[in-house]
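Lettering follows sequence order; numbering is per chain, from 1.
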2 protein chains.
Amino acid sequence: MGTKERRAREKEQLRRQILVAARELFVSEGYENVSMRKIANKIEYSPTTIYLYFKDKADLLDSVCKETLLNLLNTLEKLKNDKSDPVETLRRSGQAYVEFGLKYPQDYKLTFVIRPQFQKDLGLQEGSVGEKVFNYLREMVSECIQQKRFRHADVETTGQVLWSAVHGVTLLLIDFPDFPWTEKDKLIDTVIHTTIEGLKA
Amino acid sequence: MGTKERRAREKEQLRRQILVAARELFVSEGYENVSMRKIANKIEYSPTTIYLYFKDKADLLDSVCKETLLNLLNTLEKLKNDKSDPVETLRRSGQAYVEFGLKYPQDYKLTFVIRPQFQKDLGLQEGSVGEKVFNYLREMVSECIQQKRFRHADVETTGQVLWSAVHGVTLLLIDFPDFPWTEKDKLIDTVIHTTIEGLKA
DNA sequence: ATATAATATTAACACTGTAAAGTTAAATCA
DNA sequence: TGATTTAACTTTACAGTGTTAATATTATAT
């Protein structure tokens, strides 16, 4: 009598189908330019079916963003095993963060800029994937501080400073592609290096 | 025969009225949630009248943002006279920048995040107000470099690093108001101080 | 007073997100 | 098996969107 399980599996499958279609459209056309009807067309269901799986369009966005955060977390966690120099690991984490943002610019913007606009106070509350990402940063920073590599001993502030730097450069590069930036990799490098040096000094 | 002038003045007046109404609504309700009809209602004209003064909704946003950039530029220029320590002036400029962003968070987001989404390549091209703002930053940085206060001699990269830092912290504070940030002023201070120290070291 | 130009409005189109009601197919129970 | 409940999906509908074209109104110039 596994019909219930099969049904549940099928339901989950359609949910994923919707999610995949939504992400593809959000990324290629921008959240605002994607209608529920477009998503529905893509998966060949009626528009209102989506509402059986997601509360509304913002909820759909929310789910897409949670996935993105999970991907980011996975990308970062891979660097954790690097047991060499904690400052070097931190530097590489910063680089991986920006790289991730530039590899999936629209996903990054959806998650860190568009979503907060639609889900006012939801963002990084306890237990969320977003919090886990920041916890990763906390760990990295903590290691550096324990080894007395940084001037200040405040894990929170230090982490927030680093996040500001990488978030800032990521968004600028995404949003103003025509600005006469310094060669991209050099700029990213300099941003991270400068911040870390500033923390040491 | 100053009727022509009067007419032009009246036209300019209505243009401003539209602009003011649009900004108020964009700021209080968010660009996406403001319809041309809402703006029209507010100024007590028919919706289509707006199209005699602005090409479309994106153009209206564009004009609002240009104003914001002008305000930002004015705010910054006031600090220019400060002929004391160029590094100190730079620090204060950074603070003023973030303060401006937090004082008018919605305007800041409209200008630096929403607008680029709607006006793809328009942003900081030659002669634009946006470029003037970055030129201000160039001047400040240049002064520091001339006085050999910074490690590198690259005005462009140095400016971009600073911009990344302040842009990043501004947006994070705006977008994630519920995150357990370090006390706001302390965080801003640390971000700017850290970056500048990193540039010196 | 009439013609001309400038300005504003009305009506319409093809869309939007989403709620309510209706339909169909599958699972359960008699 | 046949009736009934349940789950999944669709149709219809509403109020609202940006924007265009055609029309109307008003103020100026002749």
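Between A/Asp85 and A/Arg91 there is no salt bridge, since none of the side-chain N atoms of the basic residue sits less than 4.0 Å from a carboxylate O of the acidic one.
In this view, A/Glu77 and A/Lys80 satisfy the salt bridge (Lys or Arg N to Asp or Glu O under 4.0 Å) rule, not counting sequence neighbours. In this structure B/Leu79 satisfies the side-chain contact (heavy atoms from CB on, under 4.5 Å) test together with B/Ser93, B/Ala96, B/Tyr136, sequence neighbours excluded. Taking B/Glu32 as the reference, nothing meets the salt bridge (Lys or Arg N to Asp or Glu O under 4.0 Å) condition, with sequence neighbours excluded.
When the shell of 6.0 Å around CD of B/Glu44 is examined, it contains 12 or fewer heavy atoms from other residues, nucleotides or ligands.
Regarding B/Leu60, its CG atom lies at a distance of 12 Å from the C1' atom of D/dG18, rounded to whole Å. Between the CG atom of B/Leu52 and the P atom of C/dA5 there is a distance of 18 Å, rounded to whole Å. One atom, CD of B/Glu32, and another, C1' of D/dG18, lie 12 Å apart when rounded to the nearest Å. B/Gln17 places its CD atom 10 Å from the P atom of C/dA8, with the value rounded to the nearest Å. Counting to the nearest Å, the P atom of D/dT20 and the NZ atom of B/Lys57 are 14 Å from each other. Atom CG in A/Leu25 sits roughly 11 Å away from atom P in C/dG17 (whole-Å rounding). For the pair A/Ile18 CD1 and C/dT18 P, the interatomic distance rounds to 14 Å; values are reported in whole Å. In this structure, A/Glu29 atom CD and C/dC15 atom P are separated by 14 Å, rounded to whole Å.
Between the side chain of A/Thr48 and the base of D/dT11, a donor-acceptor pair under 3.5 Å is found.
When each of B/Glu44 and A/Lys55 is assigned the nucleotide of DNA chain C bearing its nearest heavy atom, the one mapping closer to the 5' terminus is B/Glu44. Nearest-nucleotide positions on DNA chain C place B/Tyr45 closer to the 5' end than the other of B/Tyr45 and A/Tyr51.
Within the 4.0 Å cut-off from OP1 or OP2 of D/dT10, at least one side-chain nitrogen or oxygen of A/Ser46 is found. Under 4.0 angstrom from either OP1 or OP2 of C/dA6 there lies no side-chain N or O belonging to B/Lys11.
Residues in residues 12-31 of chain B take part in these ring pair (Phe, Tyr, Trp, His ring centres under 6.0 Å) pairs, two or more places apart or across chains: B/Phe26-B/Tyr31, B/Tyr31-B/Phe118. Residue pairs meeting the ring pair (Phe, Tyr, Trp, His ring centres under 6.0 Å) criterion with at least one partner in residues 39-74 of chain B, sequence neighbours excluded, do not occur; the list is empty.
Heavy atoms of B/Phe54 sit nowhere under 4.0 angstrom from any nucleic acid atom.
Residues from residues 35-43 of chain B that place a heavy atom under 4.0 Å from any atom of DNA chain C, listed by number: B/Arg37.
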